[in-house]
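In what follows, chains are A, B, ... by sequence order, proteins preceding strands, each numbered from 1. For the numbers below, each heavy atom of this structure counts, side chains included, while hydrogens, waters and symmetry mates do not.
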There are 2 protein chains.
Amino acid sequence: MAARTLTPKGEQTRQRIILGASAEILESGVEEVRLEDIMARTATSKGQLFHYFPGGREELVLAVTRHETAQALREQTEALLGFESWADWQRWRDAMVVWYQGRGLRCPLLGLLSADAGRRMPEAQAVMVEFMANWQAVLAEGLRRLRAAGCLAADVDVPRAAAALLAGIQGGILLMITTGRIDHLTAALDQSATARRTSTS
Amino acid sequence: MAARTLTPKGEQTRQRIILGASAEILESGVEEVRLEDIMARTATSKGQLFHYFPGGREELVLAVTRHETAQALREQTEALLGFESWADWQRWRDAMVVWYQGRGLRCPLLGLLSADAGRRMPEAQAVMVEFMANWQAVLAEGLRRLRAAGCLAADVDVPRAAAALLAGIQGGILLMITTGRIDHLTAALDQSATARRTSTS
DNA sequence: TAGATTCTGGACTGGCTGGTCCATTTTTGC
DNA sequence: GCAAAAATGGACCAGCCAGTCCAGAATCTA
């Protein structure tokens, strides 16, 4: 917020804190993470934390939220806007599964919007809302391309299908985190497209 | 856990605490609720809280989790095991939407399994896992009945469809809580069945 | 080089809140 | 009616942790 001047070194430290906090949150969840944990992981002092994030814990979490959403949106955009064939969809679907498996069935974002976190941090929630809208738009564009390529029935309501797909993904991830199983996610991903498929590849 | 003797009066107080805690959690989220809030709402003292829940906060939350999951499962079972026609499905779908709207787009359960809560309270998480499995089974039975009634294509993979449906519901609720909109939930519910429908009613 | 600015470290504080403890009152069972 | 058991009220404690503060080191700028 405040237009403060940061030296290169300062900028570096700031980034290190965001990355460390991000990792810490992924592992333990927002509520669970203590400033001390972040200090330990990033080898910083309390003075530094409040120097770079005068708003304290809340501002830091907000920065992490921004960082993670931007990252995720970038990756999804890159993957989905290239859709031109059924194989592309399959690749993306598989990549999603692998991505989460590689992270031990955790999600860097879902921990950020636990039901109550939003109430306490409206700014972070706003970021999440915007992120979801953007992701949905990207999903819609991907589906539109698939439809254009003839992989989906011509009468598919793309925006609505994208909404359902996003819900399926989120629920799949939630259930993955809760149950430790990934089959809800795969089932949701598969249903979203195969049900509307015009023909088998 | 401990086989303690409760007088009718005691049992009544215990129930009052669970109900009050449940309402408080619905409104503010698990992490946000303080014992003091529950005491105020239920007109009880700290002595009573620890008298009925020797395990303290954690035991109380566990009791609430058990209470809410049992309640939800009862309602869903009642609704879904009666499925005999397409109209039944429509009624259930509409009822789901109305139910959440009536609660101000909140969910008594989703707040209980925020990503990190599970790590801190494995017992509550286990209850949630079991609940999800049961709900999914009930959904599967509902779909099976629909298929038997000829409302769904005969080749629908019911267990997998149920998994996808559950994911869609959870994600829809999550997005409802986050964004304040209910259209993801409706899109997920509708897609799950309409895509597989054999014919229009 | 010198003064200003930024960066870093860490001791300290204040409030919050879960949990303990016990005295008192009410209910139970005989 | 009367012990015993259960229920209730609330004062008190202790640990945790975000946030404050300031002194000193490093870095920039002129």
Could you pull out every donor-acceptor pair under 3.5 Å between side chains of residues 17-24 of chain B and any protein atom, sequence neighbours left out?
from	atom 1	to	atom 2	distance (Å)
Ser22(B)	OG	Glu68(B)	OE2	2.2
Glu24(B)	OE1	Arg41(B)	NE	2.4
Glu24(B)	OE1	Arg41(B)	NH2	3.4

What residue pairs, at least two apart or across chains, pass salt bridge (Lys or Arg N to Asp or Glu O under 4.0 Å) with a residue in residues 136-153 of chain A?
Glu141(A)-Arg144(A), Glu141(A)-Arg145(A)

Is there any salt bridge (Lys or Arg N to Asp or Glu O under 4.0 Å) pair reaching into residues 94-105 of chain B, and which pairs are they, with sequence neighbours excluded?
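Output for this query is empty, none listed.
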
What's the [atom1]-[atom2] distance between [X] and [N], to the nearest Å?
X        : N       : atom1 : atom2 : answer
Glu32(B) : dT17(C) : CD    : P     : 9 Å
Glu11(A) : dC28(D) : CD    : P     : 14 Å
Leu49(B) : dC21(C) : CG    : P     : 17 Å
Gln12(B) : dT26(C) : CD    : C1'   : 14 Å

Among residues at least two apart in sequence or on other chains, which ones pass side-chain hydrogen bond (donor to acceptor under 3.5 Å, both in side chains) with Arg181(B)?
Asp183(B)

Tell me, please, which residues at least two apart from Arg57(A) pass side-chain hydrogen bond (donor to acceptor under 3.5 Å, both in side chains).
none

Would you please confirm or rule out a distance under 4.0 Å between OP1 or OP2 of dT8(D) and any side-chain N or O of Thr13(B)?
yes

Does dC7(C) have OP1 or OP2 under 4.0 Å away from a side-chain N or O of Gln48(A)?
no

Determine all donor-acceptor pairs shorter than 3.5 Å in which one atom belongs to a side chain in residues 70-82 of chain B; sequence neighbours excluded.
from	atom 1	to	atom 2	distance (Å)
Gln71(B)	OE1	Arg74(B)	NH1	3.1
Gln71(B)	NE2	Glu75(B)	OE2	2.9
Gln76(B)	OE1	Trp92(B)	NE1	3.2
Gln76(B)	OE1	Trp135(B)	NE1	3.2
Thr77(B)	OG1	Leu73(B)	O	2.6

Answer yes or no: is there a donor N or O on one side and an acceptor on the other, between the side chain of Gln125(A) and the main chain of Thr178(B), under 3.5 Å?
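Judged by distance alone, yes, a pair lies under 3.5 Å.
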
Check nucleotides 1-6 of chain D against the protein and report each pair of N or O atoms closer than 3.5 Å, with its distance, or say if there are none.
from	atom 1	to	atom 2	distance (Å)
dA6(D)	OP1	Thr5(B)	OG1	2.4

Give me each pair satisfying ring-ring contact (aromatic ring centres under 6.0 Å, His included) with a member in residues 173-193 of chain B, each pair once, sequence neighbours excluded.
none

Each nucleotide in nucleotides 14-21 of chain D should get exactly one letter: B, S or -. Can you fill that in based on protein heavy atoms under 4.0 Å?
---SBBB-

